[in-house]
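Bear in mind the structure is a predicted one, so any value in this text is a computation, not a measurement.
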Amino acid sequence: MKLKCILSILIVSAFSIKGETPAYLNADLPIEERVEDALSRMTLKEKIGVIHAQSKFCSPGVKRLGIPEIWTTDGPHGIRPEVLWDEWEQACWSNDSCVAFPALTCLAATWNPEMSELYGKSIGEEARYRKKSVILGPGVNIYRTPLNGRNFEYMGEDPYLAGEMVVPYVKGVQSNGVAACVKHFALNNQEYNRHTTNVIVDDRTLYEIYLPAFKKAVIEGGAWAIMGAYNYYKNQHLCHNQYMLNDILKGEWGFDGVVISDWGGTHNTMEAITNGLDMEFGSWTNGLSNGRSNAYDSYYLADPYLSLIKDGKVTTQELDDKVRRVLRLILRTEMNPKRPFGSLCSEEHYNAARKIGDEGIVLLQNNRKILPLNLTSTKRILVVGENAIKMMTVGGGSSSLKVQREVSPLEGIRNCVGNNCEIVYARGYVGDISGEYNGVVTGQNLSDDRSASELIAEAVNEAKKSDYVIFIGGLNKSKNQDCEDSDRAGLELPYQQDEVIEALADANKNLIVVNISGNAVAMPWVKKVPAIVQAWFIGSEAGNSIADVIFGKVNPSGKLPFTFPVALEHVAAHAIGEYPGIKRNDEDIWDEHYNEGILVGYRWHDTKKIPPLFAFGHGLSYTTFELGKVKADKEAITGEDKVTFTVPVTNTGKLEGAEVIQLYLSDPKCSVKRPVKELKGFSKVFLQPGETKNVSFEIGKDDLSYFDAGNHKWTVEPGEFKVHIGAASDDIRSSTTFKYN
């Protein structure tokens with residue numbers, strides 16, 4: 001940083017000697033004037049230089065002009081540890097640990113945009129302190145199938161929820177002078193064959209389901225960067241896709257930021273030139289496959305592009321547009337004099353991670369009101385399961401982290417209980433004993449030579465002697481679970497966990513199951529277990545947040561951001577879709593038709609009347625809430641008018657708590673097929689015992705519209721609409737009607 005400042009001073013001094021102050025160095029001038037001035041001073045080779053990488057995670061600036069490098073870093077849950085300049089191996093720094101924030105599924109489960117802003121601001125501060133220009137996140141791809149190994153990095157199945165949650169995240173990150181790079185644009189809904197899947201989806205589904213969260217991130221969030229996806233769409237790679245990047249992103253939405261390739265997502269120089277890609281990143285010779293090291297000048301947007309220009313085969317028109325966008329990014333980040341300094345591993349960040357985790361944990365089931373556990377009458381608690389002790393911040397792909405500390409669930413429970421009762425641990429099952437990703441090692445020794453039957457027998461024996469049993473299992477971040485570059489093999493729990501849970505349920509009626517995952521799982525034992533908690537990958541403060549909820553320090557208020565199906569065949573992508581795709585003859589491309597169209601998640605369950613295991617928006621509390629009758633301030637709206645719907649909400653229990661009021665809309669007599677209902681509003685309201693608050697929602701023309709693909713525009717038909725107010729998609733408490741004229 002000192003060298004950059006010195007270089008800038010020298011550059012300014014050099015120009016001053018000539019009697020000229022460069023406009024691009026004058027922060028008081030409009031940014032577009034500065035961009036054009038810098039562009040006019042750059043040579044052709046310098047222009048080519050700034051649009052591709054020079055190392056694994058950075059691109060060159062223009063040293064001659066004092067324009068700094070761009071440094072990217074993986075997110076979206078924490079700042080990735082440093083790697084060597086040209087290799088994936090660790091740089092072995094001693095000061096590149098971070099705070100691991102909860103996975104974005106957990107953030108979405110808070111249904112609280114204030115938590116999203118806190119998340120973005122906090123992770124942005126860590127990135128800024130580490131001198132990063134761009135965080136490669138957040139991700140907002142739609143949860144289409146529970147087998148997608150990368151769902152834990154995204155914000156659920158509903159485009160409205162994801163859109164409302166991504167905007168404050170982006171704003172929070174960028175308040176630090178660090179760009180949010182929203183990914184993976186778009187239709188990246190599975191990891192299996194992610195480089196070779198060609199998605200075939202109609203425009204209505206594209207615009208109504210898969211684009212809205214990205215659109216909000218760009219238009220409302222003001223995102224400075226977008227990352228393309230690996231897969232194909234319209235037979236073009238999405239890192240250089242005419243329809244998605246030029247027509248929609250830069251054309252319809254007016255995006256003025258940078259489109260960054262995913263690492264190795266670029267495949268063709270001409271397509272990269274003309275189809276909207278601005279910056280190419282990756283590894284080895286061509287950004288993807290193995291080749292000679294330190295080969296960045298051989299990238300598609302490097303020397304091959306330069307040669308085409310010199311040979312007169314292409315002009316510099318597209319190049320200048322790309323460079324303008326890169327310069328704009330640099331001026332917003334590295335050359336922004338108002339950037340704060342940031343902070344790393346602060347107690348404020350740990351507190352933020354814990355607060356988000358506390359709000360995101362979902363109480364799925366609480367029969368006999370077994371939770372929260374009362375320590376005054378409890379003498380012995382048995383904790384069972386590998387996930388109670390296994391570090392979850394290492395692994396899972398590019399979101400793997402090197403943390404300063406991570407509190408395991410067992411540690412969190414012991415910290416919370418203290419000397420109030422005895423805590424006993426039994427392994428129960430052995431899953432993945434490894435603890436390494438990309439050179440980061442957990443240091444845990446999880447090996448256990450006992451057989452599955454021996455482990456179950458031990459757990460059952462201890463369960464019979466305990467007042468309560470807490471089973472902590474689920475998925476982990478290993479291959480074929482919640483992990484980049486692989487999908488799950490099935491909906492069931494791995495490592496024979498179902499057998500362990502069944503045996504524990506038979507041994508002790510006071511069983512609590514804590515499922516740690518970023519995906520829905522099958523629960524064949526659901527009727528035998530009184531309490532079920534969905535705990536996600538919560539990061540550094542995981543154990544403390546789980547203990548907060550189990551022992552009642554925090555009243556759970558999380559809601560599911562996606563549907564838990566009873567069986568995989570109840571999911572539309574598997575019932576009528578073509579997951580994982582159909583291989584073309586003699587080509588390494590898999591065509592995948594999204595036959596379910598707009599009926600994703602709860603939209604499918606509602607339409608087909610398929611009861612879910614746990615519904616979208618579901619989540620219980622330790623107190624109770626009563627929702628009154630919803631009322632509208634007018635019976636009909638015309639044109640751009642809006643109608644306000646108000647519902648009183650009362651905490652009828654004995655504890656303070658929060659309820660998420662959800663508004664769904666129905667269009668029962670539309671000329672096109674529409675879902676039974678769609679989420680169009682939500683509000684998280686915090687109430688003291690006996691307290692009542694009125695919650696209001698404004699609904700207008702845009703909320704009523706569907707995308708008319710034939711005319712390529714949003715359309716609303718006059719007629720009667722229904723409004724439903726509830727606490728989950730399957731828990732509607734009050735409904736009313738109104739008309740749109």
Legend entry - From CG (Asn231) to CH2 (Trp590), nearest 0.5 Å: 15.0 Å
Inset, instruction - Report the relative orientation of the aromatic rings in Phe721 and Phe738; use parallel for angles under 30°, tilted for 30 to 60°, perpendicular for over 60°. - result: parallel
Inset, instruction - Kindly confirm or rule out a cation-pi arrangement of Lys477 over Phe537, judged by NZ or CZ under 6.0 Å from the six-membered ring centre and within 45° of its axis? - result: yes
Inset, instruction - Drop me the distance from Leu679's CG to Leu665's CG, to the nearest 0.5 angstrom. - result: 9.0 Å
Inset, instruction - Could you list the residues that satisfy side chain to side chain donor-acceptor pair (under 3.5 Å) with Trp525, not counting sequence neighbours? - result: Asp498
Inset, instruction - Classify the angle between the aromatic ring planes of His605 and His570 as parallel (below 30°), tilted (30 to 60°) or perpendicular (above 60°). - result: perpendicular
Legend entry - Geometric class of the Phe616/Tyr602 ring pair [parallel <30°, tilted 30-60°, perpendicular >60°]: parallel
Legend entry - Residue among Glu191, Glu592, Glu578 satisfying salt bridge (Lys or Arg N to Asp or Glu O under 4.0 Å) with Arg144: Glu592
Inset, instruction - Determine, for Lys559 against Glu659, whether the closest basic-nitrogen to carboxylate-oxygen distance falls under 4.0 angstrom. - result: yes
Legend entry - Lys/Arg-Asp/Glu bridge criterion (N-O < 4.0 Å) met for Lys183, Asp262: no
Inset, instruction - Give a yes or no on whether a salt bridge exists between Asp487 and Arg150, defined as a side-chain N under 4.0 angstrom from a carboxylate O. - result: no
Legend entry - Whether Ser399 side chain and Gly75 backbone form a donor-acceptor pair below 3.5 Å: no
Legend entry - Counterpart residues, side chain to side chain donor-acceptor pair (under 3.5 Å), relative to Lys216 (two or more places apart): Glu164
Legend entry - By side chain to side chain donor-acceptor pair (under 3.5 Å) - contacts of Thr736 (at least two apart): none
Legend entry - salt_bridge(Glu117, Lys171) N-O dist < 4.0 Å: no
Inset, instruction - Using atom types as modelled and distance alone, determine if a side-chain donor or acceptor of Gln481 lies under 3.5 Å from a backbone N or O of Asn476. - result: yes
Inset, instruction - Supply the atom-to-atom distance Ser696 OG to Ile661 CD1, rounded to the nearest 0.5 angstrom. - result: 11.5 Å
Legend entry - Leu704 and its side-chain contact (heavy atoms from CB on, under 4.5 Å) partner, picked from Ile637, Thr715, Asp667: Ile637
